[in-house]
Amino acid sequence: MKHIYILLLALLFMTNSCKEEVVNHMTTLSDVILLAPESDTFIDIDPKSNAVVRLHWQKSIVADGTLAFYSILFDKESGDFSNPVRILKPLKQGVEQEFILSHQELNRIASDAGIPELGAGKLKWTVQASNGVNQSPKGASFILQVKRPSGFARNPEQLFLSGTGTEAGANLQNGIPLRKISDGIFEVYTSLDQGSLVFHDGQNAQAVTYIMDGNAIKAGEKGVSPVSKTTVLKLQLNFNQSVTQLTEILEVGVWFSGFNRVTHGLAYESKGVWALRNAEIAFSQQSWGKDERYKFRLREKGQDNVVKTYYLGSSKKDNSKPSSSTEASYFYLFPVENSQWDYTYKFMRESGNADILLDFNASANSTHKVEYR
């Protein structure tokens, strides 16, 4: 009886071992074979276009006939994929043996791999399959030779300005926010002086910082103000092209339609606000009665020292007189034509003591308000 019991135990152990071997065998995967683009293919990255790179590979065979799930691994040329720069996955796992990689994403991968703006380098990529139990062996890898364009691979979502040469001072927490015009493009109206200047994507020590180097934007922590004396200006940053543009604001005035000229000049106060305090608002007498229409005229000087004049007014060609319940959008500022009467606002009433304020750094749109006393 004892011998029978030992025999049964041996048979049970052998059965379990066989089952384990069968399971291990049935869940193995074959190597992934890369197909395209061929190794050493050159790509001139153009992230502004709709261009893509199509990565293809041959199906990995799972011994038990189930589907394989794929991961595309990118690494530096010298890497071994133990710590890849990027791991991507196809949308239709288990079905597709293709990944469509945009030039924008490829530019980010190249940047993360240490390839600088306007620089050329090599990226290594491979594909690994898995069925949830096992992974395919690390197979062959292909090389992509790439050239990066100018501009940052990743644009900040928000941006602030600080430094001893700015109105904010050197404390990042007091940084002046820039308005985001579109992806990678920011704008601020401000006053600069001699001293330090830095842009940052947050208001703490962990913020990513950028500096101006001539007209170029570069990553860095210690930047210098581009002016040698106090200057009121509009500063635009384009991270898509890594360039800046400075425009000096020479004059901001109220264009009174009835008088067909600037009747009031506004003085710069701080942080993008121009103001006229204690203004006398007197309507112009016309044949049809008194006219209360107005807009704004600006004069600015570019880096080429060319002086230009332009107008800011309403998005509507004709407006009604505002009231205390008029929506804030009525007062938004838009570039308009230089006609005497069109695209103007209307003063609510005449006043001998009013404040007119223009805020170019308002969060939504550049705007203005008239405060009657």
Side-chain angles (χ1 to χ4, degrees), residues 158-181 186-199 203 225-237 244-256 261-282 294-302 307-314 322 328-336 345 347-348 351-373:
Q158 60 180 1
L159 204 63
F160 302 86
L161 168 67
S162 62
T164 60
T166 74
E167 298 179 51
N171 192 330
L172 297 186
Q173 293 181 346
N174 298 328
I176 300 171
L178 279 73
R179 180 187 297 148
K180 184 177 180 179
I181 305 300
F186 295 85
E187 179 181 272
V188 65
Y189 287 78
T190 191
S191 173
L192 295 181
D193 207 335
Q194 293 185 18
S196 64
L197 184 150
V198 66
F199 301 97
Q203 293 178 285
S225 172
V227 301
S228 58
K229 62 180 182 179
T230 303
T231 307
V232 179
L233 48 77
K234 175 176 65 176
L235 178 58
Q236 292 181 320
L237 284 79
T244 64
Q245 182 177 351
L246 278 69
T247 306
E248 183 179 357
I249 308 301
L250 301 176
E251 177 189 283
V252 177
V254 179
W255 175 271
F256 216 130
R261 60 181 173 86
V262 170
T263 58
H264 302 77
L266 281 72
Y268 182 74
E269 291 197 338
S270 68
K271 297 184 179 179
V273 174
W274 275 258
L276 173 64
R277 304 292 180 177
N278 298 319
E280 181 180 356
I281 300 174
Y294 70 98
K295 55 188 171 185
F296 299 94
R297 191 185 76 177
L298 277 71
R299 292 177 65 248
E300 62 180 30
K301 182 172 68 174
V307 176
K308 296 181 179 179
T309 300
Y310 66 98
Y311 295 83
L312 296 175
S314 171
S329 58
Y330 177 94
F331 300 96
Y332 288 170
L333 300 167
F334 300 92
V336 297
Y345 312 95
F347 286 113
M348 190 164 60
S351 173
N353 189 15
D355 292 340
I356 303 173
L357 298 94
L358 269 69
D359 187 350
F360 288 103
N361 290 343
S363 57
N365 294 82
S366 294
T367 189
H368 79 284
K369 60 182 176 180
V370 180
E371 296 178 341
Y372 299 93
R373 299 190 183 190

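Just so it is clear, the model here is predicted, and its values are computed rather than measured.
At a threshold of 4.5 Å between non-hydrogen side-chain atoms, the residues Phe186 and Leu161 do not count as touching. By the 4.5 Å heavy-atom criterion applied to side chains, Leu312 and Ser366 are not counted as neighbours. Residues Leu333 and Lys295 have side chains not in contact (no heavy-atom distance under 4.5 Å, counting atoms from C-beta outward). Looking at Tyr345 and Phe296, their side chains come closer than 4.5 Å, going by heavy atoms from C-beta outward. Counting heavy atoms from C-beta on, the side chains of Thr247 and Leu233 never come closer than 4.5 Å. A 4.5 Å side-chain heavy-atom check between Ser162 and Asn174 finds every atom pair outside the cut-off. Between Gln203 and Gln158, the closest side-chain pair of non-hydrogen atoms is not below 4.5 Å. Within the 4.5 Å cutoff, the side chain of Thr231 has no heavy atoms near those of the Leu192 side chain.
Expressed to the nearest 0.5 Å, how far NZ of Lys369 lies from CD1 of Ile356 amounts to 13.0 Å. Rounding to the nearest 0.5 Å gives a distance of 7.5 Å between CH2 of Trp274 and CG of Leu298. Atom CD of Glu248 and atom CD of Glu300 lie 10.0 Å apart (nearest 0.5 Å). For the atom pair Phe199 CZ and Thr244 OG1, the distance stands at 7.5 Å (nearest 0.5 Å). For the atom pair CD of Gln245 and CG of Leu235, the computed distance is 9.5 Å after rounding to the nearest 0.5 Å. Separation of atoms CD1 (Ile181) and CG (Leu237) is listed at 11.0 Å; rounding is to 0.5 Å.
Scanning all heavy atoms of the two residues, the minimum distance from Pro322 to Tyr330 falls at CD-OH, 3.5 Å. Between His368 and Val370 the shortest heavy-atom distance is CD2-CG2, 4.4 Å. What you find for Leu250 and Lys301 is that their closest heavy atoms are CD1-CB, 4.0 Å. For Thr230 against Ser191, the heavy-atom pair with the smallest separation is CG2-OG, 3.5 Å.
Inspection of the Thr190 and Glu167 side chains reveals an N or O donor paired with an N or O acceptor under 3.5 Å. Using a 3.5 Å distance cut-off with no hydrogens or angles, the side chains of Glu187 and Gln236 do pair a donor with an acceptor. For the 3.5 Å distance criterion, the side chains of Arg179 and Asn365 fail to qualify, holding no donor opposite an acceptor.
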Glu251 and Arg297: CA distance, side-chain angles, deciding distance, side chain to side chain contact (heavy atoms under 4.5 Å, CB included) verdict | CA-CA 8 Å; Glu251 177 189 283; Arg297 191 185 76 177; 3.0 Å; yes
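Of the residues Leu159, Thr166, Asn361, the one that meets the side chain to side chain contact (heavy atoms under 4.5 Å, CB included) test with Val188 is Asn361. Among Phe256, Phe347, Tyr311, the one residue that satisfies the ring-ring contact (aromatic ring centres under 6.0 Å, His included) test with Tyr294 is Phe347.
At distances below 3.5 Å, at least one donor-acceptor pair connects side-chain atoms of Tyr372 with backbone N or O atoms of Met348. Between the side chain of His264 and the backbone N or O of Glu280, at least one donor-acceptor pair lies under 3.5 Å. The closest donor-acceptor contact from the side chain of Ser225 to the backbone of Asp193 lies under 3.5 Å. Proximity of a side-chain donor or acceptor of Thr367 to a complementary backbone N or O of Asp359 within less than 3.5 Å is not detected. For Asp355 (side chain) and Asn278 (main-chain N/O), a donor-acceptor pair under 3.5 Å exists by modelled atom type.
Around atom NZ of Lys271, no more than 12 heavy atoms belonging to other residues, nucleotides or ligands sit under 6.0 Å away.
Legend: residues meeting side chain to side chain donor-acceptor pair (under 3.5 Å) with Tyr332, ordered by chain and number and at least two apart, are absent.
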